[in-house]
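Since the structure comes first, as structure tokens, the remarks are kept for the end.
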Amino acid sequence: MLKKMLTPDYIFESSWEVCNKVGGIYTVLSTRAKTLQNAFPDRIFFIGPDVWGEKNNLSFVEDIQLFGEWRKYAEDKEGLKIRIGRWNIPGNPIVFLVDFIPFYSKKNDIYTQAWVDFKVDSLHAYGDYDEASMFSYAAGRVVESFYRYNLSEQDKVIYHVNEWMTGLGALYIKKTLPAIATIFTTHATSIGRSIASNNKPLYDYLFAYNGDQMARELNMESKHSIEKQTAHHVDCFTTVSEITNNECKELLDKPADVILMNGFENDFVPKGIIFNQKRKHARAVMVNLANKLLGVHLPDDVIIVGTSGRYEFKNKGIDVYLEALNRLTREKNLKKEILAFVYVPGWVGEAREDLRERLDSGQDYDTPLQCPFITHWLHNMSHDQVLDMLKYMNMSNAPESKVKVIFVPCYLDGEDGILNETYYDLLIGNDLSIYPSYYEPWGYTPLESIAFKVPTITTDLSGFGLWVNSERKHVSTLKEGVGVIHRTDYNYSEVADKIKDDVVEFSTYSSDDIKNVRGCASKLSEKALWKHFIQYYYKAYDFALRKATERILTKN
């Protein structure tokens, strides 16, 4: 007989990216919020850092009426400074933004206690470790305060934390409130990412790496320590894909209890005639930008391709993307011209005044601007990896070249001074996207791409790529909407060749072929909606609550 799953009465979830967009975790939490808010109306509370100060945070709407008595008590009696309101996203869940600065004065005592209780080594901390840890501890204190003021041991409560940055708070709750069930999600192991970033082979030698030893070698001891101890001590340890779970087993000595794959909501994807209008507009904006920057007149059937994400040159496969584009310049079978974009925020300076003038003039030009590869000046023009590689490969963006490459090194928030469009409003205009990642625990960018009916190329070193192959029951091809390329530690050149071949093949597709491929991409994306993937969270809640229940029964 199947056991009835335990479900929580209240869920607290903390992350550095609550109301604070830094990376992919913001997307995970903000798109999932509506599904959880529907299931647990105003009983799911997100906890984030109050890092905005006096600046206006558009994603947070304060409401001083919400839990006003508790907030006053927490501030007056416990020294907790909390702003309460709603996260300005679909579902509008309740948010607690906590000021963690006051805890710096007690930092050494907090670290000492974490060592005594859980052997967390904070001695080698540097960089963002202190900031993250003080927020994490403050978040734990907020959960403790809310629980003692508003709830009781009869309430089934989950505290879910994301990434090493929130581990200290989970361990604090584990010790002080054992009735609360704790869940920890690592979205990427700190050591795995570091090994990959330091150009060490991660996959072939994963079995031979010792996480503690590598932490010492890579000067990551404190981050690794809190991540490992949290994984071992919470009630339910989770990660986002099987590929990252392999890292957890080897580097943290702890496999995940549940895999929580990253879903999304497609309510931001326009429908019908609006979709077509937005796609047409996006293409016009991108082609016009290229024409003005390069002094060319691109044809209407130019194939627009793009890559995007964090500026992790090797991990995100930006290097192999550029290599593939370079090989395309010598490809005789390429049937159409290629306009390729790199949307990766770099150390951006100001928007190019000369380019802005051309865009505003409404005229046509036959000569390129100086440095016809980039839309914004960088602070480090002579030491930028994208520009360095383009220069090394002698890419020219000359009129006669069938492949043109443009680097957009800023966040696409609609106010960058050149394109002035948001990322999604440009993504919709792409014909093809390419994300040949070397290190990618999940991979939101290719998932977002297919949601906009843009076929994509990725690798089987991404959680998303592995998921696609498992859905297809074979290695997925570009004809099916997502081309998944086999990638290893050492087959960089073969990957570049495969991307080149896929783009060449795409250039031969008829309009009917393209329509079919776009349809396949869109259809697959619907299988990754939160309404399907939320079941894994319910499984994790059940797992953690059973552990907590068992602990309380044993204690009593």
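Atom CZ of residue Phe118 and atom NE2 of residue His232 lie 13.5 Å apart, to the nearest 0.5 angstrom. Expressed to the nearest 0.5 Å, how far OG of Ser308 lies from CD1 of Ile318 amounts to 9.0 Å. To the nearest 0.5 Å, the span separating CG on Asn20 from CD1 on Ile25 amounts to 11.0 Å. From Asp99, atom CG reaches atom CE of Met134 across 13.0 Å, with rounding to the nearest 0.5 Å. To the nearest 0.5 Å, atoms OG (Ser525) and CZ (Phe452) are separated by 10.0 Å. Here Glu163 contributes atom CD and Ser136 contributes atom OG; the two are 12.0 Å apart, rounded to the nearest 0.5 Å.
Salt-bridge check for Arg546 with Asp542: passed, with a basic side-chain N closer than 4.0 Å to an acidic carboxylate O. For Asp253 and Lys228, the salt-bridge test passes: some basic side-chain N is under 4.0 Å from an acidic carboxylate O. At a threshold of 4.0 Å, the pair Asp50-Lys81 does not count as salt-bridged, since none of the basic side-chain nitrogens sits closer than that to a carboxylate oxygen. Look at Glu227 and Lys223 and you find no salt bridge, because none of the NZ, NE, NH1 or NH2 atoms lies under 4.0 Å from a carboxylate O.
In this structure, the side chain of Thr422 does not engage the main chain of Leu412 through any donor-acceptor pair within 3.5 Å. In terms of modelled atom types and a separation under 3.5 Å, the side chain of His233 and the main chain of Gln229 share a donor-acceptor contact. Within the 3.5 Å criterion, the main-chain N or O of Ser194 finds no donor-acceptor partner in the side chain of Ser197. At distances below 3.5 Å, at least one donor-acceptor pair connects side-chain atoms of Asn88 with backbone N or O atoms of Leu58. Panel note: side chain Asp155, backbone Ser152; a donor-acceptor pair is recorded below 3.5 Å. A side-chain donor-acceptor contact under 3.5 Å links Arg43 to the backbone of Asp9. The main-chain N or O of Leu80 is never found under 3.5 Å from a side-chain atom of Arg141 such that the two would form a donor-acceptor pair. Between the Lys175 side chain and the Asp117 main chain, no donor and acceptor come within less than 3.5 Å of each other. A donor-acceptor distance shorter than 3.5 angstrom exists from the side chain of Asp460 to the backbone of Arg487, with no hydrogens or angles considered.
Using a 3.5 Å distance cut-off with no hydrogens or angles, the side chains of Trp16 and Thr166 do not pair a donor with an acceptor. Using modelled atom types and a 3.5 Å distance limit, the side chains of His124 and Asn219 yield no donor-acceptor pair. The closest side-chain donor-acceptor pair between Thr459 and Glu440, if any, does not fall under 3.5 angstrom. Asp235 and Thr182 share a donor-acceptor pair across their side chains, judged by distance under 3.5 Å alone. For the residue pair Glu250 and Asn210, no side-chain donor N or O sits within less than 3.5 Å of a side-chain acceptor on the partner. When only modelled atom types and interatomic distance are considered, Trp530 and Thr31 share a side-chain donor-acceptor pair under 3.5 Å. Side-chain polar atoms of Thr186 and Thr189 form no donor-acceptor pair below 3.5 angstrom. With no hydrogens or angles considered, no side-chain donor-acceptor pair links Tyr435 and Ser462 at under 3.5 Å. Side-chain contact annotation: Tyr172 with Glu144, donor-acceptor N/O pair under 3.5 Å present. Side-chain N/O atoms of Asn491 and His486 include no donor and acceptor closer than 3.5 Å.
Remark: aromatic rings of Trp467 and Phe533 are close, center separation under 6.0 Å. Aromatic ring centres of Tyr149 and Phe67: separated by at least 6.0 Å. If you look at Tyr147 and Phe12, their ring centroids are not closer than 6.0 Å.
Residues Ile259 and Thr239 meet the side-chain proximity criterion, which asks for heavy atoms closer than 4.5 Å. Using a 4.5 Å heavy-atom cutoff, the side chains of Met5 and Lys539 are in contact.
Shortest non-hydrogen contact noted between His532 and Lys527 is CD2-O, 3.5 Å. In terms of heavy atoms, Pro436 sits closest to Val495 at CB-CG1, 4.3 Å.
Classified by interplanar angle (parallel below 30°, tilted 30° to 60°, perpendicular above 60°), the ring pair Tyr10/Phe45 is parallel. Classification of the Phe184-Phe237 ring pair by plane angle, with boundaries at 30° and 60°, yields parallel.
Pairs of residues two or more places apart, or lying in two chains, that qualify as salt bridge (Lys or Arg N to Asp or Glu O under 4.0 Å) and include a residue from residues 12-41 are Glu13-Arg32. Residues in residues 150-171 take part in these ring-ring contact (aromatic ring centres under 6.0 Å, His included) pairs, two or more places apart or across chains: Tyr129-Trp164.
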Would you tabulate the side-chain donor-acceptor contacts of residues 199-206 under 3.5 Å, counting partners in other chains and residues two or more places apart, or write 'none'?
{"unit_1": "Lys200", "atom_1": "NZ", "unit_2": "Glu217", "atom_2": "OE2", "d": "3.0"}
{"unit_1": "Tyr203", "atom_1": "OH", "unit_2": "Tyr438", "atom_2": "O", "d": "2.6"}

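When the shell of 6.0 Å around NZ of Lys254 is examined, it contains more than 12 heavy atoms from other residues, nucleotides or ligands.
Partner Phe464 forms a side-chain contact (heavy atoms from CB on, under 4.5 Å) with one of Ile450, Asn262, Val240 and no other, that one being Ile450. For the side-chain contact (heavy atoms from CB on, under 4.5 Å) with Phe40, the qualifying choice from Thr35, Ile158, Ile11 is Ile11, the only one to do so. Considering Phe60, Phe46, Trp70 as possible partners of Phe96, the one that fulfils the ring-ring contact (aromatic ring centres under 6.0 Å, His included) test is Trp70.
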Candidate pair Val142 and Ile82, rule side chain to side chain contact (heavy atoms under 4.5 Å, CB included), full reasoning: CA-CA 8 Å; Val142 166; Ile82 311 157; 4.0 Å; yes
Side chain to side chain contact (heavy atoms under 4.5 Å, CB included) assessment of Asn57 paired with Cys19: CA-CA 8 Å; Asn57 182 351; Cys19 294; 3.9 Å; yes
